[in-house]
Novice: 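Let me begin by handing over the structure; questions about it come next.
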Amino acid sequence: MIGLRDIKEAGKSVAGEVHETPLLQSRTLSEMADNEVYLKAEHLQKTGSFKIRGAANKLKSLAGTTKHVVAASSGNHGQAVAYMAARLGMKATIFVPDDAARCKVDAIKSYGAAVLEGGPTSKTRLAKARVFSKEKDAVFIPPYDDPFIMAGQGTVGLEILRALPEVDVIYVPIGGGGLISGISTAIKETNPEVRVIGVEPEGANDAFQSLAAGKIVSIDHPETAADGLRALQPGEMTYPVIRNYVDEIVLVSETEIKQAFTFMLERMKQLVEPSGAVAIAAVMANKACVSGKKAAAVVSGGNVALERIPALIHTEAISNA
């Protein structure tokens, strides 16, 4: 388990390595949601997602003792590890899905990392990366199930509280749980009255099922356009934090994800990836039955292949001005 002190220490560690991203607002979105909505713009973060926070905290803890790091990633974690490895003079090898977005693979390579295909699922990628790291005497960097990674991601929560201390509720996307475990720890150990709402796609609802069952549940084939959220199960370290600190997990449909993606592109002129749109989708659909509150939603990333955009557009026009 991590604590608020770990997250504050992570904040010191990553200072200068990450942006303190802004909170964006839209009158239209607030009216649609019947809440005063603020969007934590991690799609404007270095490497295009929040993942740089955990990677920076983890790799800086290894600086001076490690020459080679290995990661498995659908793209964003890999980019973050590759970027920080280059910053710290380390070699990096990243295992990616066979169908990884070209823009994410190109970005990983641009930071100087080697890219290897890791198979179709997160399970196969993680297994290959762990074996490879042992063979090469390298250090495996988990995507979420690591206290340094979780604490680094928790710095998002500290920034929200600094910028919006009167926040009532925060919506956070869930993949493996690193982001929400860090944010929920930062929030609940600072102000337990703030509600933390996790958001998953309907087709990748392992954390939702796990909370309902009271234990970690694994799903076989997560299916969603939100490729960064296709974890098979919550992490062994992240699940207890989710269970203890997250007030509720809500689910959004693929149509709702596309509606949020389209709103961000069309009305706010912001390009976000589907994984980054799920919290917005939950706010737009008022999944947690919240009204008249100050609500923050974490826009977790913006790395989307341009050729995917037409398939992600929801064609129904947004009517409000």
Novice: Drop me the distance from Lys136's NZ to Lys67's NZ, to the nearest 0.5 angstrom.
Specialist: 15.5 Å

Novice: Any side-chain to backbone donor/acceptor pair from Asn303 onto Thr47? Under 3.5 Å, distance only.
Specialist: yes

Novice: Can a salt bridge be assigned to the pair Arg125 and Asp98 using a cut-off of 4.0 Å between side-chain N and carboxylate O?
Specialist: no

Novice: More than 12 heavy atoms of other residues, nucleotides or ligands under 6.0 Å from CZ of Arg162: yes or no?
Specialist: yes

Novice: Under 3.5 Å, is there a donor-acceptor pair linking the side chains of Ser300 and Glu42?
Specialist: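 Per modelled atom types, Ser300 and Glu42 side chains form no pair under 3.5 Å.
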
Novice: Show the atom names and distances, to 0.1 Å, of all donor-acceptor pairs under 3.5 Å that link a side chain in residues 115-122 to residues at least two apart or in another chain.
Specialist:
residue : atom : partner : partner atom : Å
Thr121  : OG1  : Lys123  : N            : 3.4
Thr121  : OG1  : Thr124  : N            : 3.2
Thr121  : OG1  : Thr124  : OG1          : 3.4

Novice: Does one side chain, of Asn76 or Glu273, offer a donor that lies under 3.5 Å from an acceptor on the other?
Specialist: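 Side-chain D/A pair, Asn76 to Glu273: present.
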
Novice: Can a donor-acceptor pair be found, under 3.5 Å and without considering hydrogens, that links the side chain of Ser181 to the backbone of Val241?
Specialist: no

Novice: Could you tell me the separation between the CG atom of Leu179 and the CD1 atom of Ile174, rounded to the nearest 0.5 Å?
Specialist: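 Going from CG on Leu179 over to CD1 on Ile174, the span is 9.0 Å.
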
Novice: How close do Ala295 and Asn35 get, counting heavy atoms only, and between which atoms?
Specialist: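 Scanning both residues, the minimum pair turns out to be CB-CB, 4.3 Å.
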
Novice: Roughly how far apart are Lys258 NZ and Leu265 CG, rounded to 0.5 Å?
Specialist: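 It is 14.0 Å, given to the nearest 0.5 Å.
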
Novice: For the residue pair Tyr245 / Glu189, report whether a side-chain donor-acceptor contact shorter than 3.5 Å exists.
Specialist: yes

Novice: Run the salt-bridge test on Glu223 and Arg230 with the 4.0 Å N-O cut-off and return the result as yes or no.
Specialist: no

Novice: Between Glu31 and Arg27, is the closest basic N to carboxylate O distance under 4.0 Å?
Specialist: yes

Novice: Using a distance-only test with no angle check, is there a side-chain donor-acceptor pair under 3.5 angstrom linking Thr21 and Lys40?
Specialist: yes

Novice: Can you pull out every ring-ring contact (aromatic ring centres under 6.0 Å, His included) where at least one residue sits in residues 33-53? Sequence neighbours excluded, please.
Specialist: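 Applying ring-ring contact (aromatic ring centres under 6.0 Å, His included) to every pair that reaches into residues 33-53, excluding sequence neighbours, yields nothing.
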
Novice: Just wondering, do Val217 and Asp206 contact through their side chains at under 4.5 Å, heavy atoms?
Specialist: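 Side chain of Asp206 against side chain of Val217, heavy atoms only: no contact under 4.5 Å found.
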
Novice: Any side-chain heavy-atom pair from Asn57 and Ile149 closer than 4.5 angstrom?
Specialist: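 In short, these two side chains do not touch, never coming nearer than 4.5 Å.
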
Novice: If we only count heavy atoms from C-beta on, is the Lys58 to Val69 side-chain gap below 4.5 Å?
Specialist: no

Novice: What's the separation between atom CG in Leu59 and atom CZ in Phe148, rounded to the nearest 0.5 Å?
Specialist: 11.0 Å

Novice: State, with a plain yes or no, whether a side-chain heavy atom of Val169 is found less than 4.5 Å away from one of Val194.
Specialist: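 Counting from C-beta outward, Val169 and Val194 never come under 4.5 Å.
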
Novice: Is a side-chain N or O of His314 found less than 3.5 angstrom from the main chain of Phe263, in a donor-acceptor match?
Specialist: no

Novice: Could you tell me which non-hydrogen atom of Ala260 sits nearest to which non-hydrogen atom of Ala277, and how far apart they are?
Specialist: CB-O, 3.5 Å

Novice: Mind checking whether Val298 and Ile180 have side chains closer than 4.5 Å, heavy atoms only?
Specialist: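 The answer is no; the side chains never approach within 4.5 Å.
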
Novice: Tell me whether Glu36 is salt-bridged to Lys293, with the criterion being a basic N under 4.0 Å from an acidic carboxylate O.
Specialist: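 No, Glu36 and Lys293 are not salt-bridged.
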
Novice: Which distance, rounded to the nearest 0.5 Å, do you find between the CE of Met150 and the CG of Asp145?
Specialist: 7.0 Å

Novice: Between Glu254 and Thr224, do the side chains contain an N or O donor and an N or O acceptor separated by less than 3.5 Å?
Specialist: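 Judged by distance alone, the side chains do pair up.
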
Novice: Is it true that a side-chain atom of Gln209 and a backbone atom of Ser218 form a donor plus acceptor pair closer than 3.5 Å?
Specialist: no

Novice: We want to know whether His68 and Thr93 form a side-chain donor-acceptor pair, criterion being a heavy-atom distance below 3.5 angstrom.
Specialist: yes

Novice: Would you name the heavy atoms of Glu256 and Ala281 that are closest together and state the gap between them?
Specialist: O-CB, 3.4 Å

Novice: Quick test of your reading of the model: are Arg195 and Asp168 salt-bridged, counting only N-O distances below 4.0 Å?
Specialist: no

Novice: Less than 4.5 Å apart, any side-chain heavy atom of Arg102 and any of Glu307?
Specialist: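 In contact.
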
Novice: Do Ile249 and Ile187 belong together in a cluster built from hydrophobic side chains that touch within less than 4.5 Å?
Specialist: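 Per the 4.5 Å side-chain linkage, Ile249 and Ile187 are co-clustered.
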
Novice: Taking the side chain as every heavy atom from C-beta outward, state whether Pro222 and Leu232 have any pair of such atoms under 4.5 Å apart.
Specialist: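 With C-beta onward as the side chain, the pair touches.
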
Novice: Among Val252, Leu229, Ile257, find the residue that satisfies the side chain to side chain contact (heavy atoms under 4.5 Å, CB included) test when tested with Val199.
Specialist: Val252

Novice: Do Tyr171 and Ile280 have side-chain heavy atoms sitting under 4.5 Å apart?
Specialist: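 No, side chains not in contact.
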
Novice: Sub-3.5 Å donor-acceptor pair from the side chain of Thr238 to the main-chain atoms of Gly235, do we have one?
Specialist: yes

Novice: Write down the atom of Glu200, the atom of Ala204, and the distance for their closest heavy-atom approach.
Specialist: OE2-O, 3.3 Å

Novice: About how many Å separate OG of Ser73 and NZ of Lys51, when rounded to the nearest 0.5 Å?
Specialist: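 Rounded to the nearest 0.5 Å, the NZ-OG separation comes out at 7.0 Å.
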
